[in-house]
Number of protein chains: 2
Amino acid sequence: MAILGFLRDFPLHGYDLKNRVASLAGHVRPVADGTLYPTIKKLEDAQCLTRRTAPGSVAAPRHMLEITQTGTDQLRRWLRDPEPGFITDDNKWYVLLAFLHHLENPREQALVLARRREFLDQPAQLFFDADGTPVPPERLDSPFRKGLMQIHRSTNLTEIDWLDRQIADLNQRAGYAVRQRDGD
Amino acid sequence: MAILGFLRDFPLHGYDLKNRVASLAGHVRPVADGTLYPTIKKLEDAQCLTRRTAPGSVAAPRHMLEITQTGTDQLRRWLRDPEPGFITDDNKWYVLLAFLHHLENPREQALVLARRREFLDQPAQLFFDADGTPVPPERLDSPFRKGLMQIHRSTNLTEIDWLDRQIADLNQRAGYAVRQRDGD
DNA sequence: TAGATATACATCGACGTCGAGGTTAAAAAA
DNA sequence: TTTTTTAACCTCGACGTCGATGTATATCTA
């Protein structure tokens with residue numbers, strides 16, 4: 001998703017892509033060559049991108065990568081109907097968010113945000129007693145577990161706040177677009 | 001780490017462990033059987049835990065798992081000197097935090113928190129222009145990328161705040177412990 | 001002019017995770 | 001009584017990621 005998402009902005013070669021993916025995914029978590037290049041090849045085989053050899057501006061020749069219509073469609077499908085992990089795993093979610101603008105319909109964007117919003121709504125129960133009853137933060141012995149739950153709660157509220165504002169905004173724009181189209 | 005960490009609290013059987021790990025790791029991200037049971041076997045082979053068959057309280061017989069001294073030592077090594085990913089990957093970091101209390105020395109605990117603190121200090125540059133210059137949040141077109149960076153910044157500040165208080169607290173306690181030991 | 005460095009691409013084996021499938025056993029529902 | 005459900009455990013193949021290794025090229029440095 002990150003590869004196609006970045007290529008949707010402008011053509012890039014593998015090396016450049018590698019650095020961009022690395023600084024996005026998490027925050028400068030390196031992506032191994034052994035992951036990137038086979039994935040590029042897979043996307044090329046699936047006709048999601050094309051490759052043009054260009055002289056290297058600094059060193060060895062580059063393979064400039066460009067996204068195709070097939071690739072754009074694939075990217076939009078991934079964004080419109082993301083796998084569960086992209087909603088529940090923070091790292092993946094942030095990657096998705098970084099490219100959600102490529103899904104051009106505000107209503108569809110709002111639907112994706114709503115899925116995340118719904119996920120964040122369910123109260124997190126992280127720790128349990130020996131007998132299986134959930135332990136509330138104030139009854140935890142470990143200050144680290146206490147902090148973990150505090151931070152978790154606080155960051156969740158921050159994101160929920162943003163999500164609500166964003167969803168309202170998108171729905172309003174979608175409504176406006178509909179009224180425009182209907183000549184209202 | 002999660003397996004040994006939970007067993008350090010009290011003995012558990014695989015199924016119970018599975019649910020606890022699932023609700024901790026991320027937030028109810030299921031852990032596949034094909035991941036859990038081979039890992040338990042690996043830890044058993046490494047003498048990190050022992051297995052006693054007990055009658056199932058509800059159904060099929062359980063394998064009650066208990067951590068050994070070797071396992072405790074291993075857990076403490078992982079906590080004391082975590083791999084880079086445990087500092088930089090939020091999911092892994094939260095798992096580590098959930099068990100950091102098993103590292104009994106407050107000075108060692110503070111050192112781990114300091115590593116995370118140091119990581120959070122470096123300003124995140126997530127997006128770049130076509131020519132490679134970093135794009136500040138206010139110049140981003142996508143509201144999602146803008147929100148992503150806002151949320152990232154805000155949650156970072158929250159955690160930094162907690163880390164600083166916690167580190168100060170631990171160092172004070174460590175100092176006090178030293179003064180106690182020295183009869184001061 | 002020789003070596004080091006950074007760019008740029010590629011492959012391969014080791015390892016971890018997942019998901020599907022299967023087994024046993026007790027309790028609950030049909 | 002049979003079926004279904006849930007608990008509890010296990011294995012296997014597919015797949016993805018990593019890290020090591022290797023190659024070529026242009027620039028910078030000794």
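Naming: A, B, ... by sequence-line order, numbering from 1 per chain. We use all heavy atoms of the structure for the numbers below, so side chains are in, but hydrogens, waters and symmetry mates are not.
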**Prompt:** If you look at every strand shown and take non-hydrogen atoms under 4.0 Å, does B:Lys18 touch a base, only sugar-phosphate, or nothing?
**Reply:** nothing
**Request:** Salt-bridge test for A:Arg77 and A:Asp81: reply yes if a basic N is under 4.0 Å from a carboxylate O, no otherwise.
**Result:** no
**Prompt:** Roughly how many Å is it from NE2 in B:His13 to C1' in C:dA26, rounded to a whole number?
**Reply:** 14 Å
**Prompt:** Of the options B:Glu66, B:Glu44, B:His13, which is the one that meets B:Arg51 in a side-chain hydrogen bond (donor to acceptor under 3.5 Å, both in side chains)?
**Reply:** B:Glu44
**Item:** Gap between atoms CE and P, on B:Met64 and D:dA7 respectively (whole Å)
**Value:** 16 Å
**Protein-nucleotide distance (A:Asp33, atom CG; D:dG22, atom C1'), rounded to Å** = 12 Å
**Asked** Nearest to the side chain of A:Thr35, which nucleotide is it out of D:dC10, D:dT17, C:dC9?
**Response** D:dT17
**Request:** Could you check which of D:dA8, D:dT11, D:dT25 has an atom nearest any side-chain atom of B:Ala60?
**Result:** D:dA8
**Asked** What parts of residues 2-9 of chain B reach DNA chain C, counting only heavy atoms under 4.0 Å away?
**Response** none
**Message:** Measuring from the side chain of A:Tyr15 (C-beta onward, heavy atoms only), which nucleotide among C:dT7, C:dA10, D:dC18 has the closest atom?
**Reply:** C:dT7
**Request:** Please determine if a side-chain N or O atom of B:Lys42 lies less than 4.0 Å away from the OP1 or OP2 oxygen of C:dG16.
**Result:** yes
**Fill in**
When A:Asp16 and B:Val58 are each assigned the nearest nucleotide of DNA chain C, the 5'-most assignment goes to A:Asp16
**Request:** Using whole Å, report how far OH of A:Tyr37 lies from C1' of D:dG19.
**Result:** 15 Å
**Request:** Looking at every strand, decide which applies to B:Gly14 at a 4.0 Å heavy-atom threshold: base, sugar-phosphate, or nothing.
**Result:** sugar-phosphate
**B:His63 NE2 - C:dT24 P separation (whole Å)** = 14 Å
